[in-house]
Amino acid sequence: MLDLKVSNLEFECGTDEAGRGCLAGPVTAAAVILPLDFSNSILNDSKQLSHTKRNLLKPIIEAEAVSYGVAHIFPKEIDEINILNASILAMHHSISKLENVDFISVDGNKFKPFKKIPHQTVIKGDGKYQNIAAASVLAKTYRDAYMDKIHEEFPMYNWKQNKGYPTKEHRAAIHKYGTTKYHRLSFRLLPE
């Protein structure tokens, strides 16, 4: 089982993002403060969990968290400030929805200070700490739901299946139909 959190402070939030490597859709971040008595044996890095397990965990995390926040940064802004800055901005927006944050544990190795709250980056933190894992699950499930919604508008890209990632099918659809308002124009499209 993963450790609960990085620090010994009560209101530590874990934060993570989803969709950083996509060609379409937002980058989505979540921040979660879990109670000190939280325990869940299934919870792990969202990439290690099935779609079914992520959707099972989402309402548990939302019900049991002290507080949580989720934020999207959309393609136009990603193109303007780059994906790394957009990922950090999404984390900042998600953290700003929480109350009483006294420490931030961040998945990865890049972060910018937020409101003078102490933070620590943790490489592969979503597989080490429950609060970061919980944030990874919320970021992924909220982003997936958004991609399922915009799939209805542009079904030819099959975002319901690929979630905006650069699959062979998605790249072929871009070559055939061009880009949409949901595509990140700053991302160089790889040849098939």
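Starting from 1, each residue takes its place in the sequence as its number. Keep in mind that the numbers below use all heavy atoms, side chains included, and drop hydrogens, waters and symmetry copies.
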Over all heavy atoms of both residues, which pair between [X] and [Y] is shortest? Give the atoms and the distance, please.
X: Gln130; Y: Leu43; result: O-CD2, 3.5 Å
X: Ala31; Y: Cys13; result: CB-SG, 4.3 Å
X: Ala30; Y: Val70; result: CB-CG2, 4.1 Å
X: Ala65; Y: Pro35; result: CA-CD, 4.1 Å
X: Glu10; Y: Ile33; result: O-CG2, 4.4 Å
X: Ala29; Y: Ser94; result: O-CB, 3.7 Å

Residues Lys163 and Asp148 bridged, charged N to O under 4.0 Å: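 Between Asp148 and Lys163 there is a salt bridge, with a charged N closer than 4.0 Å to a carboxylate O.
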Rounded distance (nearest 0.5 Å) linking atom [atom1] of [X] with atom [atom2] of [Y]:
X: Glu169; Y: Asn158; atom1: CD; atom2: CG; result: 4.0 Å
X: Leu34; Y: Ile61; atom1: CG; atom2: CD1; result: 7.5 Å
X: Asp102; Y: Ser7; atom1: CG; atom2: OG; result: 6.5 Å
X: Ser186; Y: Ile83; atom1: OG; atom2: CD1; result: 8.0 Å
X: Asn85; Y: Lys110; atom1: CG; atom2: NZ; result: 11.0 Å
X: Leu4; Y: Ser39; atom1: CG; atom2: OG; result: 8.5 Å

Where do Phe111 and Thr121 land on the side-chain contact (heavy atoms from CB on, under 4.5 Å) test, with the steps shown first? CA-CA 7 Å; Phe111 192 68; Thr121 57; 3.8 Å; yes
Transitively linked via ILVMFWY side-chain contacts under 4.5 Å: [X] with [Y]?
X: Tyr142; Y: Leu56; value: yes
X: Leu9; Y: Leu98; value: no
X: Ile132; Y: Val106; value: no
X: Ile81; Y: Val27; value: yes
X: Phe11; Y: Ile95; value: yes

Is a side-chain N or O of [X] found less than 3.5 angstrom from the main chain of [Y], in a donor-acceptor match?
X: Asp107; Y: Asp126; value: yes
X: Ser136; Y: Ser46; value: yes
X: Asp79; Y: Leu185; value: yes
X: Arg184; Y: Lys76; value: no
X: His183; Y: Thr180; value: yes
X: Lys160; Y: Met147; value: no
X: His93; Y: Ala71; value: no
X: His151; Y: Trp159; value: yes
X: Arg20; Y: Leu84; value: no

With a sphere of 6.0 Å drawn around [atom1] of [X], does it hold more than 12 non-hydrogen atoms of other residues, nucleotides or ligands?
X: Glu62; atom1: CD; result: yes
X: Lys97; atom1: NZ; result: yes
X: Glu99; atom1: CD; result: no

Just checking Tyr146 against Phe74, ring centres under 6.0 Å apart?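 Yes: the rings meet the under 6.0 Å criterion.
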Are the side chains of Val32 and Tyr68 in touch, meaning some heavy atoms are under 4.5 Å apart?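 A side-chain contact under 4.5 Å exists here.
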Are side-chain heavy atoms of Ile104 and Phe114 found at a separation under 4.5 Å?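 Yes. Closest side-chain heavy atoms under 4.5 Å.
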Output all residues satisfying side chain to side chain donor-acceptor pair (under 3.5 Å) with His72, sequence neighbours left out; order by chain, then residue number.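 With neighbours one apart ignored, the set is Thr28.
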Can you name the side chain to side chain donor-acceptor pair (under 3.5 Å) partners of Glu153, sequence neighbours left out?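 Expected list: Lys181, Tyr182.
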With sequence neighbours excluded, what pairs up with Lys53 under the side-chain contact (heavy atoms from CB on, under 4.5 Å) test?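 Checked Lys53 against side-chain contact (heavy atoms from CB on, under 4.5 Å); matches are Ile42, Leu49, Ser50.
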The test is side-chain contact (heavy atoms from CB on, under 4.5 Å); show your working for Tyr177 and Tyr157 and say whether it passes. CA-CA 9 Å; Tyr177 303 108; Tyr157 299 95; 3.4 Å; yes
Test side-chain contact (heavy atoms from CB on, under 4.5 Å) on His51 and Thr141 and set out the steps. CA-CA 8 Å; His51 175 78; Thr141 53; over 6 Å; no
Sole candidate of Gln120, Glu12, Lys128 that passes side-chain hydrogen bond (donor to acceptor under 3.5 Å, both in side chains) when paired with Ser105: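 Per the side-chain hydrogen bond (donor to acceptor under 3.5 Å, both in side chains) rule, the option paired with Ser105 is Glu12, out of Gln120, Glu12, Lys128.
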Is there a side-chain contact (heavy atoms from CB on, under 4.5 Å) between Tyr165 and Leu23 once you walk through the steps? CA-CA 6 Å; Tyr165 282 91; Leu23 300 177; over 6 Å; no
